Colleague: 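The following block contains the structure, expressed as structure tokens.
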Amino acid sequence: MSAHSHIDGQLPHEPEKATLEGRNKVLGFWLFLGGETVLFGTLFAAFLALRDQVGEGNPTANELFQLPIVAIATFILLTSSLTSVFAIQALHRNHVKPMIVWLIVTVALGAGFLGLEIYEFYHYVHEGHGFTTSAFSSSFYTLVGFHGAHVAFGVAWISILIAQTLRKGLNLVTAPKLYVAGLYWHFIDVVWVFIFTVVYLMGKVG
Amino acid sequence: MAGNHPTTENRQKRHKVEGSQKHVISYIFSLVLTLIAFATVMAGEVNTTFTYILLLVMAGLQVYIQMAFWMHMKDRGHLYAIIGILSGVFVVFTMVIMAEYWTWW
């Protein structure tokens, strides 16, 4: 694949796909996302089956959930998805500095989302909605917490990639990693769309 | 994967890349879809079945926007990506229906 390294030292068009390794990484990552879909699917299936099983005297979804905080979290995550798109666009233009800045914004928004989620869970536990309170609470924390863990992993992953790019620059090895991390971040947002729809909004409806 | 190879044409205009306008439009669309979903539930006076269907349609549209434009699934060379995700979705649907059926019927 040496034909793709240019004499002027510029990266080829779409550097993440310029090498066989890069293309394999992207393909492998899509198959991984297929597996992740199944993982989240099992948790959604469990939640949907158990969401009305609150037991006696325990808070129901309708009593518990506060939509404004969920709306803010949704807005933050959606915006972070857009900033990660901007980061990948900067990557395609070989603009390293703007790319790093957009990635930092993405990580910051991801951390903000996590902060909100921690606050939310803390609040729920105070309302008497612990992990073992009911089948509803267990399946709720497992599903939403699993998503939160993915956000936390993404924040750590992208932070490490920022550090690596600062040290090694943008090249045919680092570009596929950054592209794949972008895919991961969008996938997290896609899962959140289903969580706010199925868990929160449908929980409020009945 | 043949579609992933950069063509000569591609290399000639190699740093001519897509603008960000399309992504900003996707973002605004996603925001509007989210807003409709939240507003319908917060208003709280709409028929339950209708709300469920509306919520799922809003979620479906938003996921389509994100996957097609932001995850580049509309670009060429994404056949395996589509197969990978669709097989995941197929298993998920089977599982959700099975879990509900097993638990409650």
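Because the structure is predicted, anything quoted here is derived from the model rather than measured. Here is the naming used below: chain letters follow the sequence lines, and residue numbers restart at 1 for every chain.
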Colleague: At a heavy-atom separation under 4.5 Å, does Thr74(A) approach chain B through its side chain, its backbone, both, or neither?
Modeller: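 Thr74(A) touches chain B through side-chain heavy atoms alone.
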Colleague: Pick one of side chain, backbone, both or neither for Thr79(A), based on which atoms fall under 4.5 Å of a heavy atom in chain B.
Modeller: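 Both parts, backbone and side chain.
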Colleague: At a heavy-atom distance under 4.5 Å, which candidate from Gly41(A), Ala49(A), Gly182(A) has the highest pair count against chain B?
Modeller: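 Looking at each of Gly41(A), Ala49(A), Gly182(A) in turn, Ala49(A) comes out on top.
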Colleague: Where on Phe29(A) is there a heavy atom nearer than 4.5 Å to chain B: the side chain, the backbone, both, or neither?
Modeller: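 It is neither, since no heavy atom gets under 4.5 Å.
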Colleague: How far apart are the C-alpha atoms of Asn58(A) and His129(A), what are their side-chain angles, what is the distance that settles it, and do they pass the side chain to side chain contact (heavy atoms under 4.5 Å, CB included) test?
Modeller: CA-CA 7 Å; Asn58(A) 296 322; His129(A) 182 70; over 6 Å; no
Colleague: Measure Gln53(A) against the heavy atoms of chain B and call it side chain, backbone, both or neither at under 4.5 Å.
Modeller: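 It is the side chain, since no backbone atom gets that close.
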Colleague: Flag the one option from Gly35(A), Gly34(A), Ser81(A), Ala46(A) with the top tally of heavy-atom pairs under 4.5 Å to chain B.
Modeller: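 Most heavy-atom pairs under 4.5 Å with chain B: Ser81(A).
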Colleague: Is a donor from one side chain sitting under 3.5 angstrom from an acceptor on the other, for Thr34(B) and Gln62(B)?
Modeller: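 A pair is found: one side chain offers a donor N or O, the other an acceptor, under 3.5 Å apart.
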Colleague: Quick check: closest heavy atoms across Met73(B) and His78(B), and the distance to 0.1 Å?
Modeller: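 Nearest pair, atom of Met73(B) first, then His78(B): O-CB, 3.8 Å.
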Colleague: Specify which of Val205(A), Val85(A), Leu67(A), Leu78(A) makes the most heavy-atom pairs with chain B at under 4.5 Å.
Modeller: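 The candidate making the most pairs under 4.5 Å is Leu78(A).
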Colleague: Per the side chain to side chain contact (heavy atoms under 4.5 Å, CB included) rule, which among Leu54(B), Leu61(B), Val57(B) passes with Ile36(B)?
Modeller: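 It is Leu54(B), the one option of Leu54(B), Leu61(B), Val57(B) that forms the side chain to side chain contact (heavy atoms under 4.5 Å, CB included) with Ile36(B).
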Colleague: Test of understanding: with ring pair (Phe, Tyr, Trp, His ring centres under 6.0 Å), list the residues that count as partners of Tyr27(B), not counting sequence neighbours.
Modeller: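 Partners of Tyr27(B) by the ring pair (Phe, Tyr, Trp, His ring centres under 6.0 Å) criterion come out as none, since no residue qualifies.
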